[in-house]
Structure formats: structure tokens, C-alpha cells
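Shown next, in C-alpha cells, is the structure this report addresses.
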Amino acid sequence: MKNLIDKLEKEHILAQSEFEYLINNRDAETDEYLFQKSSALSRKMFGNKIYTRGLIEISNYCKNDCYYCGIRKSNACCERYRLTKEQILFCCKTGYELGFKTFVLQGGEDGFFNDDRLCDIVSDIRKQYQDCAITLSVGERSYESYKRLFDAGANRYLLRHETASEEHYAKLHPESLSLKNRKQCLYNLKEIGYQVGCGFMVGSPYQTAQNLALDMLFIHGLQPHMVGIGPFIPHKDTPFANEKPGSLELTLFMLALLRLMLPKVLLPATTALGTIAENGREKGILAGANVVMPNLSPKNVRSKYELYNNKISTGEEAAESRHLLEQRMKKIGYELSTDIGNYEGF
Ligand code: 5AD
């Protein structure tokens, strides 16, 4: 085990069978050895600074029907909302005053936000906040659409690939969605010039160690600038309501492997991680994560953007509680950064 971790640290890649072996044979001793290395590397790359991103959940309308997701089209219990341009701009204003220099506009695949409307919003944010990054996370779109949004001023894009196995992908999504298209979108985004984030859920139904090993290899091939991972958490109004959640431990383990494989990658300690365990995000940081994404959405919509049950939304993950998050970080020896937090070289 330790020799494989040493190898990953040195060569930044392993064979699929080696990743699989590591994932299948975790124990407390390996965890400790790995986390010590991943956290030291993260410190070396980023010091004790944690980048912050303000997350604005612009719409929970979605045309897709992913089996795991609480805002899937077929969920009739989901109370739908969509922010207006004015509301989005107000979130940015609040965020800017709180010290955020990245705004992440995230939403379901909502047809209302066509290119004209979204470009209009992006270009207004760009005009008002020239020293900020605009990250989009609004799903699969055409090359032309991604290009228009980029030209309007967006500079980063988050699109989780969810799983790099065709077979597993088909167990999580309806037929209308394909891994092939998802991957193509990621490569298109990179080509256009975005800083790109892919990612996956840990412990999603039917996931195997082999699937996770394939995720590592796909990510290595893509060489993304960001990778978002978090545990799967069931949502009661989805086909996966009775599936068991992903584990904190395996999520931390995958974060640490990602850090060793991609030393410079921007790696968030996600809301889902903070939801499954008290201090989950702190643990994520100690395993190698270097980004947190507090919620900047208007308070009255936060509970409606429920991708999974019990999503934390009113406590210390809220953007307006920046000082509380700061204290949490201090306790583990880290500080929140007000830097824009680009990937090195951008
Ligand atoms: N549990 C954890 N993460 C989820 N996501 C969607 N549904 C769930 C869930 N039930 C993640 C997906 C998606 C991101 C926005 O949220 O990976 O890409």
C-alpha cells in the first residue's frame, strides 16, 4: 500500500489496477500515511490559504432526469424557482462585499437561460466585477454556446462527469444522457479556454472500485483545473431514495489521491462533504482540498436547491457567515483567502 502511495506521489499516475488495489484495501494506517502526504503537498502548493467561491444557485428547473438528483424533472415535489438577473447581480454585490472574488452560477439545465439571457447576465457581471472570476455550472451545452458565454466574460466551468464508466453512467442516468457527450463537453470547454472542473460522486449506487479507478484515469487524461467530488447522499423523491450514502472516509481517500495525482488542481471541500459529517469540510481540507464554496443564493431559495436531503444551507456554509467559516479554518491552521484563486498560469 505505502509503496503505491509513494509511487503516486512521485509519478502522479498509477495503473488502473493499482488505483483499484488502493481503493479496495484502505485501512487506518494507509489513510494516515496518505493524508499526511496529500496535506503536505497541498500546503506546499497553496500554503495555509483556502480559496473561497460564492455559489449562486440560479435555477432549480432541469430538463434532465438523473436518478440521483433531487431537482430532476420528474420530481413533482420540488418547488421550482428561478432567479432574476437583478437577484443574481444582487448576490454578486453581497458576495463582493463579503470578500468573494469568484461567483459560481450554478443551476439545472433550464431552457429559460438560453445563450442570449445567460450572456446578458454574464456580461453585466463581467462589467461590474473585472477583478473577479465568473464560473458557470449549468450543464451540457453546444460548443457555440460555451464559446459565446466565454466571450461574454465567463472564465471557468464546472461540469461533473459523474462516472467515467459507460456502464455505470447508464445506471445513474436516463438514456437521453450519454457519457460520450459529457466528455465531449469537457474537452470543448477546455479547448475554448475555460478553467474546467469535472468530478464525480463517491459511493453513488452501483459504483465499484474499478469505476473509481477509471475516474482517476479519465481525470488524468483530461487534466482539469478543478475536480469536484462529494459523497452521494440519497434524496427521498428520487429513484435512489433507499440507496445508502457514500462514506466520509472513502471521499477523503479519493480527495487525497486526487491531490497526489494533480498537485496544482483546485479541489473543493464540498457542501455534500460538510453535510454527511460534522467538520466534513475541515477533514476534506486536511486530506488535500483547498477550496470552499459557501452559498450566496438568496436565503428564501436555499432550501429549494435540494440536490440531496439534509443539505446544509443556513449555517456556517452560508456566505454571510464568512467569519464563522474563518474561525473553523483557523482551528485547523488555515485561513480563507480573498485572492481570485485561479489555476496556476491563468
Ligand atoms: N448526492 C450527492 N451529490 C449529488 N449531486 C446531485 N445529486 C446528488 C446527490 N443525491 C451532485 C452531482 C452534480 C452536482 C451539481 O451535484 O454530482 O453534478
Side-chain angles (χ1 to χ4, degrees), residues 53 55-75 77-78 104-110 135-141 156-165 168-169 171-174 177-179 181-183 185-186 189 196-207 211-212 215 218-219 224 226-248 250-251 254-255 258 267-277 280-281 284 291 293 295 297 302-313 317:
R53 325 293 196 196
L55 185 63
I56 307 171
E57 295 155 337
I58 63 172
S59 170
N60 68 355
Y61 283 88
C62 192
K63 69 172 161 71
N64 293 328
D65 227 0
C66 309
Y67 304 146
Y68 46 84
C69 186
I71 65 167
R72 65 198 301 268
K73 170 177 73 182
S74 298
N75 182 6
C77 304
C78 175
V104 182
L105 274 51
Q106 182 171 90
E109 291 194 16
D110 178 357
T135 306
L136 295 177
S137 178
V138 288
E140 297 182 0
R141 300 173 84 101
R156 304 185 190 145
Y157 206 102
L158 303 175
L159 180 67
R160 291 189 177 179
H161 64 283
E162 311 297 356
T163 173
S165 147
H168 188 216
Y169 197 91
K171 290 181 177 160
L172 302 180
H173 302 98
L177 290 169
S178 79
L179 177 59
N181 192 53
R182 185 61 62 104
K183 287 181 175 175
C185 285
L186 286 162
L189 289 161
V196 174
C198 64
F200 57 89
M201 291 176 286
V202 176
S204 57
Y206 312 107
Q207 186 178 63
N211 295 156
L212 287 168
D215 285 320
F218 166 69
I219 293 170
M226 310 171 278
V227 180
I229 72 166
F232 161 74
I233 303 173
H235 186 292
K236 64 178 177 33
D237 304 313
T238 64
F240 290 162
N242 299 317
E243 300 289 338
K244 66 175 196 328
S247 81
L248 169 73
L250 183 55
T251 307
M254 296 310 298
L255 280 170
L258 284 164
L267 201 55
T270 53
T271 308
L273 191 57
T275 297
I276 52 158
R281 281 171 308 168
V291 174
M293 301 172 67
N295 199 324
S297 306
R302 283 185 197 170
S303 63
K304 296 179 189 154
Y305 199 83
E306 199 181 34
L307 305 179
Y308 44 82
N309 287 138
N310 306 312
K311 178 170 164 244
I312 48 174
S313 70
E317 75 302 326

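Note that ligands are numbered from 1 as they come in the structure, with each ligand's atoms numbered from 1 the same way.
Under 4.0 angstrom from ligand 1, there are no non-hydrogen atoms of His235.
Of all atoms in ligand 1, listed by their number and element, those nearer than 4.0 Å to a heavy atom of Cys69 are 7 (N). Which parts of ligand 1 touch Phe232 is read off a 4.0 Å heavy-atom cut-off, strictly below it: atoms 1 (N), 2 (C), 10 (N).
Looking only at protein heavy atoms, the nearest one to atom 11 (C) of ligand 1 is Arg160 NH1, 3.6 Å. Counting only heavy atoms of the protein, atom 9 (C) of ligand 1 lies nearest to Ile233 O, 3.4 Å. Closest protein heavy atom to atom 7 (N) of ligand 1: Tyr68 CD1, 3.3 Å. Given atom 15 (C) of ligand 1, the protein heavy atom at minimum distance is Leu307 CD1, 3.8 Å.
Ring-plane geometry between Phe240 and Tyr67 is classed as perpendicular, the angle between the planes exceeding 60 degrees on a 0 to 90 degree scale with a lower cut at 30.
Donor-acceptor pairing under 3.5 Å is lacking for the side chains of Asn211 and Thr163.
Residues meeting the ring-ring contact (aromatic ring centres under 6.0 Å, His included) test with Tyr169, sequence neighbours left out: His173. For Lys304, the salt bridge (charged side-chain N to carboxylate O under 4.0 Å, His left out) partners are Glu79, not counting sequence neighbours.
With hydrogens and angles disregarded, a donor-acceptor distance shorter than 3.5 Å links the side chain of Arg302 to the backbone of Asn295.
The heavy atom nearest to atom 13 (C) of ligand 1, considering only Glu243, Glu162, Met201, is found in Glu162. Comparing heavy-atom distances from atom 2 (C) of ligand 1 across Ser204, Pro231, Ala272 singles out Pro231 as nearest.
Aromatic pair His235/Tyr68: ring centres not closer than 6.0 Å.
Here the SG atom belonging to Cys66 is positioned 5.0 Å from the CG atom belonging to Leu177, to the nearest 0.5 angstrom.
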